[in-house]
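This report concerns only the one structure given below.
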Amino acid sequence: MKPLQLQNLLRKRIFEVVAERFGVQLEQIQAESPPNIKLGDLAFPVAFEIAKKIKQTSGEKRNPREIAENLKALILDGETSLNERIERIEVAGAGYLNVFYNRPAMLADLARDFDALQSLETEQKRRLTAEKICVEHTSVNPNKAAHVGHLRNAVLGDTFVRLLKSQGKNVEVQNYIDNTGVQVADVVVGFMHLEKMDLNAIIELDKRLAEEGKSFDYYCWDLYTRVGQAYQAEESLNEKRAEVLHAIEEGGNEIAELADYVATRNVRCILATMERLGIRYDLLARESEILHLKFWQRAFEEMKRRNVIRYETEGKNAGCWVMPLDAHEGTEEHDTDKILVRSNGTVTYTGKDIAYQMWKLGLLDLDFNYEIFHTYDDGKKVWVTTSKSVETDEETPHFGKNDIVYNVIDSRQSYPQEVVKRSIAAISPEKGERASIHLSYEMVALSPAAAEELGFVLSEEEKKRTFIEMSGRKGLGVKADDLINLLEEKALAEVEKRHADLTAEEKKRIAKTIAVGALRYFLLKYTRNTVVVFDFKEALSFDGESGVFCQYSAVRANSIFRKLEQNEVEKAVQIVREEQEKTAEILNREDDIWALLMLASKLEETIDNAVNLAEPAVLAKYCFNLARNFNLFYHNHRIISEQDAVKRAVLIVTADVARRSLIKALSLMGIEVPERM
RNA sequence: GCACCCGUAGCUCAGAUGGAUAGAGCGUUUGACUACGAAUCAAAAGGUCGGAGGUUCGAGUCCUCCCGGGUGCACCA
């Protein structure tokens, strides 16, 4: 029995006893970890709750300690399955009910559970329900290279996907490609009017860049910055932008073709960047298809049919179709209404977003056509939406029709996301607001020092700021590939120092794994609503609370097991089960071993917690904590040289449980453990 | 002006559902490699949890007000 199951069993039992004995119905039974392992493994502050209830109903004042004392005896009475797993229950503090597990029994259970780790996968498949969850993340404008801000989005989204999948959920990963927006138009203006290039010239440029080892998205990054400057210098260029944007949206012309080439090239670059971090997608949903396949028109009809939008005939929004959002307060009557169709008949961004969200949730009676965009090394395919129907040998997966959609978008878009959510709820009350979840996070900004390191000249006012927002238009930002390159170089130097004997290829592979670990952990350790003020020193750190720290801990754990004999773990499990008395004596004496075991057993509830809060940082903190605890254990005990057979077995089983949890936790963050480092 | 987020150690951050002595990392000081790997470990110093009220057995956490910082609030995307 796992600790989580035991905990739930206890909850149920306490609920029954409390109802029987005190006539009190508790809504929920809270359980928490005592501050110190000497105080027990699980604490129930339930007596306080009961005292409160009694006072509320009868006015009678009862002492929580006394209530706890009463409960203590009753909980285990006649409960054989609980008695086997629980050593004792104590009343502590002002009335806590502290539960002490039977340590050897739990160790044997944990060893068994990890024995059956393989069956976990089959169990997960069993838990695969019909419920389908969509996670949309990355969604970088395809007009330039990705920067660290985009990485935060992608790493958060990808880790969340891994968490959901580990719970056996059916997940679809989408990456929205805004290939017909102003940002792409800007770069197209740059190519056409600053560079005087046509499509062929761009293709030539692309080839030349490849030969020089330069990347297309970096070129676009610089060009985009130049366009931004040119707009300010030349008024006339703004008209060109409007022309270009219109042509791109329209489609079927030379400008649109050029734009498609540029956008698609950038998408390939961005996908390659993300692949370096182990981030992949199922579907690239493009805005061009949302336009050309008339998703908006269908959504518009549907909203009119369901009477959820309104045509304004007077007031400042006259001539527009608006989504009334009455729950918002506003002094003027229609102040908070959101315009979806402008008076000139064109649709706003929010309108398109609602149509896309409707499709994701299966509320639109239309579908895209699909073709394969890219095949990863291991054969996994990314699909992309297209307008034309394509014949493929491959069976197209069923995209869309999700039950729940998580949109990973930074917090600056909270308001439009709120509009989308509420609009969906208006269109489909059955789906309601719970179907659309904005997984929001704060931006990654630059410290003034970091901006200067990147070669930017700051004004006196900017130097005083706590952070400076990154800006694609200004070219101000840390490019993702640059950062990964820096990390790989630094890691390689460290590997070189320690393992000069390895082949160049091995060293490089290890350096890559370390770089990914450092970067992904760095982006995950902050909670979502913390602004990450990017600092090179912190991002490049391999010490302290870092991915490297966790990896190192796992590497050392693995190296113990590499040195053990073939069947040593199995034998240790056997010994631990047979020698319960001696095992008990060891575990009861050595709290640090027991503490590590308890922590390692909490991965599953940590995952549940992280998913419920949609907060991957919960997992990162857990992982670091587990690594720290393992290091302590590693420092305190010699495993291989331990002479006492039972002690040795206990140490082996504990180390094994801990390292498996650690490796699993790391893999959920997309972090691998190298053989050596 | 309105809405949302933040304010915790010198710095960067954890503290979900109110619970026992508010925790990490970095930095500082001191100590530990003849060891299953020192990318590590041990120890010390460091706090009126922005301020003031309130709710209650109990508040960093909930409520009100104030101060300070951030982000949104387009017929832009």
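As the structure is a prediction and not an experimental result, all values here were calculated from the model. Each chain gets a letter, A, B and so on, in the order the sequences are listed, and its residues count up from 1. Heavy-atom basis, side chains included; hydrogens, waters and symmetry copies ignored.
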Please state whether the base of B:C75 and the side chain of A:S343 form at least one donor-acceptor pair under 3.5 Å?
-> yes
Nearest-nucleotide 5' precedence on RNA chain B, A:G544 against A:G181 | A:G544
Parallel, tilted or perpendicular: ring planes of A:F633 versus A:F630, cut at 30 and 60 degrees = tilted
Between P of B:C11 and CZ of A:F534, the distance in whole Å | 21 Å
Provide, to the nearest angstrom, the distance between the CD1 atom belonging to A:I510 and the P atom belonging to B:A39.
-> 14 Å
Measure from the side chain of A:Y526, starting at C-beta and using heavy atoms only, and say which of B:A77, B:U12, B:C41 lies closest.
-> B:U12
Is A:K53 salt-bridged to A:E49, cutoff N-O under 4.0 Å?
-> no
Name the nucleic acid region contacted by A:D178, choosing base, sugar-phosphate or nothing; use a 4.0 angstrom heavy-atom cut-off, strictly under.
-> sugar-phosphate
Mapping A:V533 and A:A92 onto RNA chain B by nearest heavy atom, which one lands closer to the 5' end?
-> A:V533
Counting side-chain heavy atoms from C-beta on, which of B:A38, B:A77, B:C5 comes nearest to A:Y634?
-> B:A38
Aromatic plane relationship, A:Y311 with A:W321 - under 30° parallel, 30 to 60° tilted, over 60° perpendicular = tilted
Whether A:D410 side chain and A:R412 backbone form a donor-acceptor pair below 3.5 Å = yes
Does anything in residues 463-472 of chain A reach RNA chain B, meaning a heavy atom under 4.0 Å, and if so which residues?
-> A:R465, A:F467
Measure the distance from OH on A:Y349 to P on B:C73 and round it to the nearest whole Å.
-> 12 Å
How would you label the contact of A:M677 with the nucleic acid (heavy atoms, under 4.0 Å): base, sugar-phosphate, or nothing?
-> base
Is a side-chain N or O of A:N175 found less than 3.5 angstrom from the main chain of A:T138, in a donor-acceptor match?
-> no
Which part of the nucleic acid, if any, lies within contact of A:V555, taking any heavy atom under 4.0 Å across all strands shown: a base, the sugar-phosphate backbone alone, or nothing?
-> base
Atom C1', compared across B:A52 and B:C11: separation rounded to whole Å | 28 Å
So what does A:F48 hit on the nucleic acid, given a heavy-atom distance under 4.0 Å: a base, only sugar-phosphate, or nothing?
-> base
Pairwise P distance for B:A35 and B:A39, with rounding to whole Å | 14 Å
Does NZ or CZ of A:K490 fall inside the cone over A:F542's six-membered ring, less than 6.0 Å from its centre and within 45° of the axis?
-> yes
Where the side chain of A:R556 is defined as all heavy atoms beyond and including C-beta, which of B:A77, B:G37, B:A35 is the nearest nucleotide?
-> B:G37
Please measure how far the P atom in B:G53 lies from the corresponding atom in B:A14, and state the result in whole Å.
-> 28 Å
Distance-only side-chain donor-acceptor flag, A:Q357 / A:N407, under 3.5 Å = yes
Residue pairs meeting side-chain hydrogen bond (donor to acceptor under 3.5 Å, both in side chains), one or both in residues 441-451 of chain A, sequence neighbours left out, come to A:N153-A:Y441, A:S411-A:E442
Between B:U29 and B:C73, how far apart are the P atoms? Round to whole Å, please.
-> 48 Å
What does A:V495 touch in the nucleic acid at a heavy-atom separation under 4.0 angstrom: a base, only the sugar-phosphate, or nothing?
-> base
hbond_proxy A:R628 side chain to B:A24 base (donor-acceptor, 3.5 Å cutoff) = no
Of all the choices, B:A14, B:G25, B:A20, which nucleotide is nearest to the side chain of A:P35 once you look at every atom?
-> B:A20
Quick one: ring pair (Phe, Tyr, Trp, His ring centres under 6.0 Å) partners of A:Y349, sequence neighbours excluded?
-> none
Does one side chain, of A:N609 or A:E615, offer a donor that lies under 3.5 Å from an acceptor on the other?
-> no
Inspect the contact between A:E675 and A:R509 and indicate whether a charged nitrogen and a carboxylate oxygen are less than 4.0 angstrom apart.
-> no
Which value, in whole Å, describes the distance between the C1' atoms of nucleotides B:A3 and B:G50?
-> 22 Å
Specify the separation, in whole Å, of atom NE2 of A:H438 and atom P of B:G72.
-> 13 Å
Mind checking the C1' distance from B:A32 to B:U61? Whole angstroms is fine.
-> 40 Å
Euclidean distance, atom CG of residue A:N36 to atom C1' of B:A22 [Å, nearest integer] = 15 Å
Proximal nucleotide (of B:G25, B:G37, B:A77) relative to the A:E545 side chain = B:G25
Taken to the nearest whole Å, NZ/A:K537 to P/B:C26 is 9 Å
A:R498 side chain: which of B:G37, B:C13, B:C41 is closest?
-> B:G37
For nucleotides B:C6 and B:U12, find the distance between their C1' atoms and express it as a whole number of Å.
-> 15 Å
So, the side chain of A:E538 versus the backbone of A:F536: is there a donor-acceptor pair under 3.5 Å, distance only?
-> no
Give A:F549 one of three labels, base, sugar-phosphate or nothing, depending on what nucleic acid heavy atoms sit under 4.0 Å from its own.
-> sugar-phosphate
Testing B:C13, B:U40, B:C6 for proximity to the side chain of A:D543, the answer is B:U40
When you get a sec, tell me which of B:C41, B:G72, B:G37 is the closest nucleotide to the side chain of A:S559?
-> B:G37
Is A:E538 touching bases, backbone alone, or none of the nucleic acid, heavy atoms closer than 4.0 Å?
-> sugar-phosphate
Does the B:A20 base have a donor-acceptor partner in the side chain of A:N98 within less than 3.5 Å?
-> yes
When rounded to whole Å, the CD to P distance for the pair A:E615 and B:G15 reads 7 Å
Could you check whether A:A655 gets within reach of a base, just the sugar-phosphate, or nothing at all, counting any heavy atom under 4.0 Å?
-> nothing
Counting any heavy atom closer than 4.0 Å, what does A:D410 reach on the DNA or RNA strands: base, sugar-phosphate only, or nothing?
-> nothing
With a 4.0 Å cut-off on heavy atoms, is A:R412 in touch with a base, just the backbone sugar-phosphate, or nothing at all?
-> sugar-phosphate
How would you label the contact of A:A318 with the nucleic acid (heavy atoms, under 4.0 Å): base, sugar-phosphate, or nothing?
-> base
With rounding to whole Å, what would you report as the distance between B:A16 and B:G60 at their P atoms?
-> 12 Å
Would you list the pairs meeting side-chain hydrogen bond (donor to acceptor under 3.5 Å, both in side chains) in which at least one residue belongs to residues 511-522 of chain A, sequence neighbours left out?
-> A:D158-A:R520, A:T159-A:R520, A:Y521-A:E545
Basic-acidic side-chain contact under 4.0 Å: A:K647, A:E590 = yes
With heavy atoms under 4.0 Å as the rule, sort A:L245 into base, sugar-phosphate or nothing.
-> nothing
Just need the stems in RNA chain B: three or more back-to-back Watson-Crick or G-U pairs, each with both distances under 3.5 angstrom, sorted by first number.
-> B:1-7 with B:67-73, B:10-13 with B:23-26, B:28-32 with B:40-44, B:50-54 with B:62-66
Say whether, by atom type as modelled, one donor and one acceptor occur between the side chain of A:R659 and the main chain of A:V555 under 3.5 angstrom.
-> no
Rounded off to whole Å, could you give me the CG-to-P distance for the A:N609 and B:G15 pair?
-> 10 Å
Should the pair A:R286-A:E289 be classified as a salt bridge under the 4.0 Å nitrogen-to-oxygen rule?
-> yes
All N/O contacts under 3.5 Å from nucleotides 58-62 of chain B to the protein, with atom names and distances to one decimal?
| from | atom 1 | to | atom 2 | distance (Å) |
| --- | --- | --- | --- | --- |
| B:G58 | O6 | A:K52 | NZ | 3.3 |

